[in-house]
Protein chains: 2
Amino acid sequence: MPPHVYIEDIANYTGQTVTIKGWLYNKRSSGKIRFLMVRDGTGIIQAVGSFADLGEEQIAAIDTLNQESSLIITGSVRADDRAPGGFELMLNNVQPVSLSLDEYPITPKEHGTAFLMDHRHLWIRSKRQVAILRIRHAIIKAVRDFFDERGFTLFDPPIFTANACEGTSTLFHTDYFGEDAYLSQSGQLYGEAGAMALGKIYTFGPTFRAEKSKTRRHLTEFWMIEPEVAYLDLEGAMKLAEDMVEFVVKRVLATRSKELQDIERDTKILEKIVTPFPRITYTEAIGILKQSDHEIEWGDDIGGDEETTISNQFDRPVIVHHFPSAIKAFYMKRDKNDDRLALGFDMLASEGKGEIIGGGQREDDRVVLVERINEHKLPVEAFGWFLDLRKYGSVPHAGYGLGLERLVGWICDLPHVRETIPFPRMMSRLKP
Amino acid sequence: MPPHVYIEDIANYTGQTVTIKGWLYNKRSSGKIRFLMVRDGTGIIQAVGSFADLGEEQIAAIDTLNQESSLIITGSVRADDRAPGGFELMLNNVQPVSLSLDEYPITPKEHGTAFLMDHRHLWIRSKRQVAILRIRHAIIKAVRDFFDERGFTLFDPPIFTANACEGTSTLFHTDYFGEDAYLSQSGQLYGEAGAMALGKIYTFGPTFRAEKSKTRRHLTEFWMIEPEVAYLDLEGAMKLAEDMVEFVVKRVLATRSKELQDIERDTKILEKIVTPFPRITYTEAIGILKQSDHEIEWGDDIGGDEETTISNQFDRPVIVHHFPSAIKAFYMKRDKNDDRLALGFDMLASEGKGEIIGGGQREDDRVVLVERINEHKLPVEAFGWFLDLRKYGSVPHAGYGLGLERLVGWICDLPHVRETIPFPRMMSRLKP
């Protein structure tokens, strides 16, 4: 049998005879010619078969194939600008592997979201979903390459944690051989231990949030990337975050242009994502919101609608920094010039997609940190090991958390986060 | 301030003045000279300071520094074969950042395992632990590069699953907004859906097993890599597995030789890990075990001690294949020439380290698969979506699961799996 090749590599085989193993995506016939659209998970190619080349028996076999039937085809690769993807396979053999035993549920017609979600295991075969999942992979690889090339060490924090440090209301609980355990919402605290050991680290793993919210931005199970760097300050963390986002967007544009086209993404918008990103203080953000008639006062949290208003002022992600310390986490370091402010930042994606990154500089003074823990009415005894990081050679350090699915949703311009991951988990969605 | 550099890059700065930001690992003095061993998470360097270069005040400051005090040092880089690591820093400035507020608990003397595990957040700062974690990262990166370079798409399976497909006894349970959910033990079934959509995929994420076992090979939370490939058979899966292991070992040897030296790993053993790996059938394995006076009969499972006996026959990992179908999972395809045999394989690491990989070809016939599910007394209704993969264009396919921590433990030659991950989770270990 001629060499088995994948459709994404087809351009390397122009003029050669190859074998493709895949599934029937669509077909049509025109007189004595059959046009098969065959997918193999890396792309879709048009395969053209004639009575003259295939003979009556094989044409009859083709005519029995229904949508998603599996098949092995052999033919010569021909460049043709009119063909979808720019190449065609001129068939000389078609070998059906397995017919679909029933009519394939996902037809080219429109389907409701609930129906598609119930058939997610099949929906992911669709051209658009394949493109999104391939872009997701490219984004993950780009993020990892960014940190790996800069000397970061990957540091996998635990998922099971003994203490519900910040309250149990949004934590998933499990019985751990008779003890209470909770699924991690963030690897940051462990990441700080990692940064003290390894200098600069990043975590990359699933995190869990039992939030009773059904918005288009929330999953119960989502992947987070959390770099943490010893001897880094707020400024350094903001720079790292914008460099990372620029790197990832450039890489996706360079390596996944076909997939971006498949999902009809306006790449001109992505091409504008270059550093430096605009930066505004929280106080400036409140000013913008007031001018845009939002009812908001200094000290209030910035919600989803407000984020949209702010991000619509800019053609690239915008960094908002120096938030009121009162609305930020206990571990965030305060501005030494103004105690009301925390050395934290958020990055809001462009196109109104909302927050994709949150981070800042951490409190590195043990005494102050204990004070904060008490102010927030948290159980100080649960933080013994975390306080040890300030006891033995404390250093300034900073980092941030990036929500992978929100990044994928923004880069792909998806209205809902559910299509950014193979099997999304939401409040009312645990299957398939 | 001269440029901040990391110790792992120090060779690029010979003769130049640089700044290093880190922690005091150890120190000694000899007359008017001070020798500081400084670590920054990427390496350890000897810094040499004299009264003449630093002045009395800075020497006095040095003399107050205790173990793990943080400090910023500046000096010129000098190549010196006698120095640990081959380079020294000739100090011209030492700036203490923060002293250890108490005596650092982990001193150069021996500590018990329980003590070290209780102080895991500090233990990971030790040279040996840093080396292991950096090797772990290199292994992860190598595995990902292996699959990425071969056109695989990363496919993140869900952690929350609704059905306890193979019984709940070793599953962690959580309440999911009133529904029962279980933490995934394996992404394989979802990976099969991914392979049908994307051709060839790999999963890479944490998996969970509530096993009441306290062996040196078991974690409750561990990372698995599970490639799954459409149109692949048992032979192809075994080839993929051995190529991957060879690739990973070669990469670690090439990029982490310093760390392998730090942990005193015999790299000659690792240099022998080249394909093809020896392959024996299960039946041959039973023969070897009987000759070695194990009490075992054809049809029995091969346990840890037996694995050690088999792997001691070879200087590289050995693949055992064609197991009795009765002791293998319901989804494993049977040998068409002998129904008693399953098209499955295990890879046993060398040096008696036991199984690191298990996999094989999957049953792709819907009718046969339903039979198997019933034979195993599993709830067929829970497998609806899994059976759909055989309903719509079923294809032969195969894959395997690789336990990351076992791979790390083997490559690093560690007696216990607990040192292979930053914060190990075991039956009696949920903290820190």
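Each chain gets a letter, A, B and so on, in the order the sequences are listed, and its residues count up from 1.
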> Can you tell me if A:Glu363 uses its side chain to pair, donor with acceptor, with the backbone of A:Asp365 under 3.5 Å?
Replying inline: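 Side chain of A:Glu363 to backbone of A:Asp365: a pair is present.
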Considering only heavy atoms, which portion of [X] lies under 4.5 Å from any heavy atom of chain B: side chain, backbone, both, or neither?
| X | result |
| --- | --- |
| A:Asp145 | side chain |
| A:Phe152 | backbone |
| A:Asp102 | both |
| A:Glu192 | neither |
| A:Asp175 | backbone |
| A:Asp180 | backbone |
| A:Leu99 | backbone |
| A:Pro157 | backbone |
| A:Ala138 | neither |
| A:Leu65 | neither |
| A:Tyr104 | both |
| A:Ser394 | both |
| A:Leu122 | side chain |

Just so I understand: if I count every heavy-atom pair under 4.5 Å between each of [options] and chain B, which residue has the most?
| options | answer |
| --- | --- |
| A:Trp385, A:Tyr392, A:Trp223, A:Tyr190 | A:Tyr392 |
| A:Pro105, A:Pro424, A:Ala195, A:Gly384 | A:Pro105 |
| A:Met196, A:Glu68, A:Lys431, A:Arg390 | A:Met196 |
| A:Lys391, A:Lys21, A:Glu221 | A:Glu221 |
| A:Ile72, A:Ile124, A:Leu24, A:Val97 | A:Ile124 |
| A:Ala210, A:Ser70, A:Gly199 | A:Ser70 |

>> Exactly one of B:Thr207, B:Thr420, B:Leu404, B:Ile421 should register a side-chain contact (heavy atoms from CB on, under 4.5 Å) with B:Phe222. Which one does?
In response: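 Among B:Thr207, B:Thr420, B:Leu404, B:Ile421, the one meeting side-chain contact (heavy atoms from CB on, under 4.5 Å) with B:Phe222 is B:Thr207.
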> Does NZ or CZ of A:Arg144 come closer than 6.0 Å to the centre of the six-membered ring of A:Phe204, within 45° of the ring's axis?
Replying inline: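 Geometry flag: set, cation within 6.0 Å and 45°.
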> Going by distance alone, is a donor N or O of one side chain under 3.5 Å from an acceptor N or O of the other, for B:His137 and A:Asp148?
Replying inline: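 A donor-acceptor contact under 3.5 Å links the two side chains.
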> For B:Ser126, is it the side chain, the backbone, both or neither that has a heavy atom under 4.5 Å from a heavy atom of chain A?
Replying inline: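 Neither part.
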>> Under 4.5 Å from any heavy atom of chain A, what part of B:Pro206 do you find: side chain, backbone, both or neither?
In response: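 Only the side chain of B:Pro206 comes within 4.5 Å of chain A.
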> Does the distance from a Lys or Arg side-chain N to an Asp or Glu carboxylate O, for A:Glu228 and A:Lys200, drop under 4.0 Å?
Replying inline: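 The answer is no: the pair does not qualify as a salt bridge.
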> Does a salt bridge link A:Glu8 with A:Arg134, judged by any charged N lying under 4.0 Å from a carboxylate O?
Replying inline: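 Salt bridge flag = yes for A:Arg134 with A:Glu8.
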> Does the ring centre of B:Trp123 sit less than 6.0 Å away from the ring centre of B:Phe423?
Replying inline: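 No, too far apart.
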>> Testing the basics here: between A:Tyr231 and B:Gly22, what is the closest heavy-atom pair and its distance to 0.1 Å?
In response: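 Looks like OH-O, 2.8 Å.
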> Should B:Arg136 and A:Asp156 be marked as a salt bridge (Lys or Arg N to Asp or Glu O under 4.0 Å) after you check the CA-CA gap, both sets of side-chain angles, and the distance that decides it?
Replying inline: CA-CA 10 Å; B:Arg136 175 185 165 97; A:Asp156 295 310; 2.6 Å; yes
> Can you list the residues that meet the ring-ring contact (aromatic ring centres under 6.0 Å, His included) rule with B:Tyr176, with sequence neighbours excluded?
Replying inline: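 ring-ring contact (aromatic ring centres under 6.0 Å, His included) check on B:Tyr176 returns A:Phe172, B:Phe160.
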>> Just checking B:Glu103: does its CD atom have more than 12 heavy atoms from other residues, nucleotides or ligands closer to it than 6.0 angstrom?
In response: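 No, because the 6.0 Å sphere around CD of B:Glu103 holds 12 heavy atoms or fewer from other groups.
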> Distance from A:Asp40 atom CG to A:Thr42 atom OG1, nearest 0.5 Å?
Replying inline: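 Reported to 0.5 Å precision, the distance equals 3.5 Å.
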